[in-house]
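These notes are about the structure you will find just below.
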There are 2 protein chains.
Amino acid sequence: MVRRTLPLARQAAQEILKGIESGKWVRANGALPSEAALSQQLAVSRATIRDALAQLEQRGVITRRHGAGTFVAPLPRLDAGLEELVSLETLARRIGLQTRMSQPHIEERVAAPIESERLRTAPQTRVLAIARVIFTGTRPIAYLVDIVPTTVLARPDLDKNFRGSVLDLFLSRRDLALSHSYTEIHIELASAPIARKLRLKRGAPLHQLVAQLFTRDGRIVDYSQSFFVPGYFSFHVIRRVGATNRAP
Amino acid sequence: MVRRTLPLARQAAQEILKGIESGKWVRANGALPSEAALSQQLAVSRATIRDALAQLEQRGVITRRHGAGTFVAPLPRLDAGLEELVSLETLARRIGLQTRMSQPHIEERVAAPIESERLRTAPQTRVLAIARVIFTGTRPIAYLVDIVPTTVLARPDLDKNFRGSVLDLFLSRRDLALSHSYTEIHIELASAPIARKLRLKRGAPLHQLVAQLFTRDGRIVDYSQSFFVPGYFSFHVIRRVGATNRAP
DNA sequence: AGACGATAGTCGTCTGACGAGTGAGATTAT
DNA sequence: ATAATCTCACTCGTCAGACGACTATCGTCT
């Protein structure tokens, strides 16, 4: 095991995940090596292994049964629904979709009232607005707008590092510890300008995702609206039985 | 601490959550008692406390900082998006919406091809189809159809215990260990019969959720389609930064 | 053949310990 | 007085070893 920089338990979780995906550690009945065995294999204590396994269990990768063992979660390869925050580019790549981005339209201006409210900043805060259309082949399939306060992302920084995804840009920065995004899912009828960009008739129904991106310390660093042409992306989400609403 | 029947760590997690929600254990700066202190308070070992805290951390309730302490996650009380599997009735109650259900239309028949495929059963399997409309006041806002194999749920069992939610019925049964549901989110244009039931024009856009309900052992016990009139429910989901796609 | 009981293996929990990182107060230098 | 530095108590991360609870399997007995 390599160590430091990242908590050991997290590293172990990644290592175990690799072992699962490569099939190296999965026995015929779906069982994983015992915690003691994994502890030896990865040269970390059993407590750390248990921590790592707990992470994988919560993500739905494995199931543990007291007295029996640890098993890879049954069939439904359920990774990567909406509940995992990844960039559209990554998402598209995973389902084998080639995407291209239009020249982005970037402007610096003061935030609109809705924007400053959603960003929880003072009114009139200066922001960068980044808009672009995503294509597969020559067909436009999504229109994305990100609003970012200039205190978080300055124009030159953007110009230098923007590769199409604001999220990926943030993830690559060490000074921002991203936590999660609160994303609303709406149906929106295409307005004239959006219909034109996506080459649809006005009033065509669109998936609209409205998201606020949170850091670990509770700041909102991005407010985004995304419009998707139905049929190209299929959204799904894994809904878990909560710990709170179990039957008595 | 009461014990047995449920893993200690899970009980501890619930106990800690209570202490957080009541504010009893939250200091001014949002800090929780140290692991050692919680260990004494709840009379369980620190290892168990750590397990419990790990669960709460993964659910986004708390944040831990090495050397500093454990803190309640900053403001956005973010629980209960789509990623938590709760019945529509529970969901509605949470947002303060009074709902009523039409007389359900229940029939026993053989599964349609799509249904047996989605249920992963043999073709021609006998199923119960349960359809009903949900109202708020006199306004219809959702149309729900559940398909359940008769091997999972028999007609008399349904008649006796159905209160409007198939999910709640399943949750109350000890012999079914529900795990999660795989839910697709689509836009659907109202067909004539659905438009009539929801009192909309044909072709009106609807949210459509298509779900497969899984047990812990990987069986599918329910295939459901739900149609929602936009504007009454707002769907949202908490999207977490995954452990897999962290920047290097 | 089926019911039963012993047994080995695995996860859940406990105890005690040490190291690493943080934050605040005390100390020192300016 | 102010600012930089150091010290130290506190907290989370990790380790080691141990025992109990639970499961699955296999041999034994009826």
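Convention: sequence-line order gives letters A, B, ...; per-chain numbering from 1.
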For this session: Round to the nearest Å and state the distance from Arg50(B) atom CZ to dG16(C) atom C1'.
Result: 15 Å

Seminar exercise, completed: Residues of residues 29-38 of chain B with a heavy atom under 4.0 Å from any atom of DNA chain D, listed by number, are Ser34(B), Glu35(B)

Problem set entry | Set of side-chain hydrogen bond (donor to acceptor under 3.5 Å, both in side chains) partners for Thr150(A), sequence neighbours left out | none

Exercise. Taking CZ from Arg64(A) and P from dG12(C), how many angstroms apart are they, rounded to a whole number?
Worked result: 5 Å

For this session: Mind checking Arg65(B) for me? I need base, sugar-phosphate or nothing, with any heavy atom below 4.0 Å counting as a touch.
Result: sugar-phosphate

Exercise. Are any side-chain N or O atoms of Thr215(B) and backbone N or O atoms of Arg219(B), one a donor and one an acceptor, separated by less than 3.5 Å?
Worked result: yes

Exercise. For Arg126(A), which residues count as a salt bridge (Lys or Arg N to Asp or Glu O under 4.0 Å) partner, sequence neighbours excluded?
Worked result: Glu108(A)

Exercise. Is it the case that Arg65(B) places NZ or CZ above or below the six-membered ring of Phe71(B), under 6.0 angstrom from the centre and within 45 degrees of the axis?
Worked result: yes

Exercise. Which angle, to the nearest 10 degrees, lies between the helix axes at the two ends of the helix from dA1(C)-dT30(D) to dT30(C)-dA1(D), each defined by five pairs?
Worked result: 0°

Exercise. Can you name the residues that form a side-chain hydrogen bond (donor to acceptor under 3.5 Å, both in side chains) with Arg109(A), not counting sequence neighbours?
Worked result: Glu107(A), Glu115(A)

For this session: Using whole Å, report how far CD of Gln11(B) lies from P of dG12(C).
Result: 14 Å

Seminar exercise, completed: Ranking dG13(D), dG23(C), dA16(D) by distance to the side chain of Ser45(A), first place goes to dA16(D)

For this session: Please report, rounded to the nearest Å, how far the P atom of dT11(D) is from the CD1 atom of Ile62(B).
Result: 15 Å

Exercise. Checking only heavy atoms, does the side chain of His66(B) share a donor-acceptor pair with the base of dC12(D) at less than 3.5 Å?
Worked result: yes

Problem set entry | Atom pair distance, as rounded to whole Å: CD in Glu57(A) and C1' in dC11(C) | 11 Å

Exercise. Taking only residues two or more places apart in sequence, or in another chain, which ones meet Phe235(A) in a ring-ring contact (aromatic ring centres under 6.0 Å, His included)?
Worked result: His207(A), Phe228(A)

